[in-house]
Amino acid sequence: MGRINVLPFAVANLIAAGEVVDRPASVIKELMENAIDAGADRITVEIQNGGVTFMRVTDNGCGMSPEDLPVAIRRHATSKIKNAEDLDGIMTLGFRGEALAAIASVSDLRIISKTADAQFGAVLEAHGGEIVGVTEQGCSTGTSVIIENLFANVPARRKFLKKDVTEAMAVTANVEKVALSNPHIAFRLIIDGNMKLETAGDGNLHNTVYAIFGRDFASRLITVNAESDGISVSGFIGRSDNFKANRNYQNFFINGRFVKSKTAMAALEQAYTSYMPPEKFPCCVLYIKINPSRVDVNVHPAKLEVKFSNEKAVFEAIYYTVRTALESNATRPNVELSFQKKTKISPFAGRVSDSALPVREGAGESLAARQISYKETPAARASGRMTAEEYRSLYAKEERPRADRIQASRFDLHAKPSEPSNTPIDVPAATPAAPVQVPGGEPKRVTCDESTPVPTPESAVEPAHVVHEEPLPSSKEERVSPEYRIVGEVFHTYVIVECEDKMLLVDKHAAHERIIFESLKAGLKNAEICSQMLMLPIDVMMTSGEVEALRDYESELSDIGFSVRFARNTVSVDAIPEGVETDAVADMLGTMAGRILTATGSVKLTRDIIFEKALYQASCKAALKAGRAYADEHIKWIIGKLMELPDITFCPHGRPVALEMSHHALDKQFDRTGF
């Protein structure tokens, strides 16, 4: 007797359901995709108890006829494709014909549907995949699918479901993804009778992002739109200050379908190199449009993964689109102030000057000491509070540490330079300059003495150790710098600048660091590639797959300065690019091979990123140090450069260069908006 069994239809349906339906969220996803394919522009999702006991998805699409309803819940029944050739150009979200059959086999199902030309609709009822009946019913054009008692006939699978609130969160996440991919469709999500999400469906992606993620997230986005090699990339990316601790805010849509693509994620994250703190992840809502014949969506049961015929082209299209947008961004973060509750004036105070001065909580030891001291005054003993005159008198007698005072401005308050100088101030350095090697270019001479003691406020301002860099090369059109006024510097770190109707608070170290970095990077791009011959070759042990990956890119390795020879499990290096340390060769080639194999980078991009990391480490060491006093000319030059290049907004480590506050926002802090 044979040992191979042909499974009954009911058992085969349960296996298929396990591939397509694993929780309520996957059911909602499949039903929403069917509604979108039906041409709906309004979709309502409703669940109860996390979707385990009740789910309903209603749309105003084309609907189904009574004859199609029984066929719709059969396996491999679909209106999306007819033959094998259709798989090469799939533009619909569904095409396998398994979703409704899988859902029906593990739940109690009702489908109410009506076409536009029909006088009445019809309702189909099924339990555990078995059709109970199809009856006539009045309804509006479109389809409503109601699922109850999910996994009632498969109790072993039902016990693996999470808590109701967890399942509801998963449903919400799926609705959000689908809503982001279809801003022209109005979505509503109702959980246990409460409206949780509603989008306008006006076709404006920014409005959809606002409805899903909120105002703060939507206000910190950069628009991107570019096309390369037949691949279109559009949507939004987060500014450098809009980062998260995980990848949950990375949303990629290939031809309208939400996917998880390692190629897209790697391209996005590598584009943010030197624009974001390490161990943080950027945010995005990116639409990638590509010829359907160049992407295979039929590689994952839930269609969450895709395979590209040319992953390098997709990677570079996303990378250069995002990188260009970041380099062109001129938006600076806003100053965020915490609001304190206003202290009411005592009704017994005859005039404002006699009212008690409010004392802010947590104001420091010196203020706390004053708060105790004033109680010993005669007026305080009599009234229990201190007048403004007594406070000022007591405060004047107290000796304040000079280090706690804000330094008065050493700058000309009325100076408004119309054309900041492009030439760095040449100040004699107190110590010999140390060269910083620029890969592929001439050494730049910088000075930075880490052992220099931090000057106290009482000490005289000494000439600073500064970088003698060339003016920044720029391919952008000549910009006209706005009028500005340097107000002063606080804590020997932050420079206050008045510019048009804004106040800027500039971190002088971060600003100088970015200016140096951009100058060195421009020199790297413009310099000719030079190789350094090695007396003895460097043998790098690799797997056979890594060796073959690099062999395919041998010409690109040569273009960036490497001379290599390949063996079975070894790559021998005879020459390396100028500026690369010999100790870094093995890691560099290993990184390149790994990114090529995983389609998360190319040889040139890996080399550029590695060189950029070396450049911003050198820039950090060469920049003016926070907490140290420097001559006014250096501060003026940095601010002039910052105004000349408004797209310098973040240092290479991802920290903001400047924070800004509008005149109106400052007036609101002081309740002057009504004046």
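Model, not experiment: these values are computed from the prediction.
- Remark: side-chain polar atoms of Gln250 are paired, donor with acceptor, to backbone N or O of Pro282 under 3.5 angstrom.
- Residue Met265 places its CE atom among more than 12 non-hydrogen atoms of other residues, nucleotides or ligands, all under 6.0 Å distant.
- Screening Thr208, Ile212, Val171 for a side-chain contact (heavy atoms from CB on, under 4.5 Å) involving Glu176 leaves a single residue, Ile212.
- Residues Phe258 and Lys29 fail the side-chain proximity criterion, which asks for heavy atoms closer than 4.5 Å.
- When all heavy atoms are compared, the tightest approach of Ala266 to Phe315 is C-CE1, 3.8 Å.
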*Check the pair Phe253, Val285 against side chain to side chain contact (heavy atoms under 4.5 Å, CB included), reporting the backbone distance first and the verdict last.*
CA-CA 8 Å; Phe253 303 95; Val285 179; 3.9 Å; yes
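- Side-chain contact between Val295 and Arg257 is absent, with no heavy-atom pair separated by less than 4.5 Å.
- Contact of the Pro70 side chain with the Val134 side chain is registered, since non-hydrogen atoms from C-beta on lie closer than 4.5 Å.
- Side chain of Asn60 to backbone of Asp41: a donor-acceptor contact under 3.5 angstrom is found.
- Judged by distance alone, the side chain of Asn255 and the main-chain N or O of Ile290 form a donor-acceptor pair under 3.5 Å.
- Closest of all the heavy-atom pairs between Asp229 and Arg294 is O-NH1, 3.1 Å.
- Considering only heavy atoms from C-beta on, Met276 stays 4.5 Å or farther from Glu269 through its side chain.
- Formation of a donor-acceptor pair under 3.5 Å by the Lys114 side chain with backbone atoms of Ala118 is found in this model.
- Within the model, atoms CG of Leu286 and CG of Asn225 stand 11.0 Å from one another, a figure rounded to the nearest 0.5 Å.
- Of the possible polar contacts, one joining the His206 side chain to the Ala218 backbone as a donor-acceptor pair under 3.5 Å is found.
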*Stepwise, does the side chain to side chain contact (heavy atoms under 4.5 Å, CB included) test hold for Arg23 with Thr166?*
CA-CA 11 Å; Arg23 63 192 308 183; Thr166 304; 4.3 Å; yes
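- When side chains are defined from C-beta on, Asp164 does not count as touching Asp192, because their heavy atoms never get closer than 4.5 Å.
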*Quick one: do Arg158 and Val52 satisfy side chain to side chain contact (heavy atoms under 4.5 Å, CB included)? Show the steps, please.*
CA-CA 9 Å; Arg158 186 165 187 169; Val52 178; 3.1 Å; yes
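- Using a 3.5 Å distance cut-off with no hydrogens or angles, the side chains of Ser662 and Lys502 do not pair a donor with an acceptor.
- Of the possible donor and acceptor atoms, one in the side chain of Asn291 sits under 3.5 Å from a partner among the backbone N and O of Ser293.
- If you run side-chain contact (heavy atoms from CB on, under 4.5 Å) between Pro24 and each of Ile47, Leu161, Asn174, only Leu161 comes through.
- Atom CD1 of Ile131 and atom CD of Glu125 lie 11.0 Å apart (nearest 0.5 Å).
- Between atom OG of residue Ser65 and atom CG of residue Asp117 there is a gap of 9.0 Å, rounded to the nearest 0.5 Å.
- Enclosure of atom NZ in Lys244 by more than 12 non-hydrogen atoms of other residues, nucleotides or ligands within 6.0 angstrom is indicated.
- For the pair Asn242 (side chain) and Arg220 (backbone), a donor-acceptor distance under 3.5 Å is present.
- Between the side chain of Asn251 and the backbone N or O of Cys284, at least one donor-acceptor pair lies under 3.5 Å.
- At distances below 3.5 Å, at least one donor-acceptor pair connects side-chain atoms of Thr199 with backbone N or O atoms of Phe187.
- Across all their heavy atoms, Val178 and Ser181 have their closest contact at O-OG, 2.7 Å.
- Seen from the ring of Tyr275, Arg514 counts as a face-on cation partner, given the 6.0 Å and 45° thresholds.
- Counting heavy atoms from C-beta on, the side chains of Tyr320 and Ser228 never come closer than 4.5 Å.
- Here Ile318 contributes atom CD1 and Phe252 contributes atom CZ; the two are 6.0 Å apart, rounded to the nearest 0.5 Å.
- Nearest heavy-atom pair across Ile73 and Ala126 is CD1-CB, 4.2 Å.
- Interatomic distance, Ile28 CD1 to Ile103 CD1, rounded to the nearest 0.5 Å: 8.5 Å.
- Annotation: side chain of Tyr272 is in contact with side chain of Val322 (closest heavy-atom distance under 4.5 Å).
- Thr143 and Gly63 make their closest contact through OG1-CA, 3.6 Å (heavy atoms, listed as atom of the first residue, atom of the second, distance).
- Atom CD of Glu148 is separated from atom CE of Met55 by 10.0 Å, given to the nearest 0.5 angstrom.
- Taking both residues in full, the closest heavy atoms of Ala325 and Val224 are given as CB-CG1, 3.4 Å, listed atom of the first, atom of the second, then distance.
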*When you look at Ile43 and Ile36, which way does the side chain to side chain contact (heavy atoms under 4.5 Å, CB included) test go after all the steps?*
CA-CA 8 Å; Ile43 299 175; Ile36 293 169; 3.9 Å; yes
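- Of the possible polar contacts, one joining the Asn153 side chain to the Ser105 backbone as a donor-acceptor pair under 3.5 Å is found.
- Ring-plane geometry between Tyr249 and Phe213 is classed as tilted, the angle between the planes lying from 30 to 60 degrees on a 0 to 90 degree scale.
- Contact annotation: the side chain of Ile237 approaches that of Leu326 to within less than 4.5 Å [non-hydrogen atoms, C-beta and beyond].
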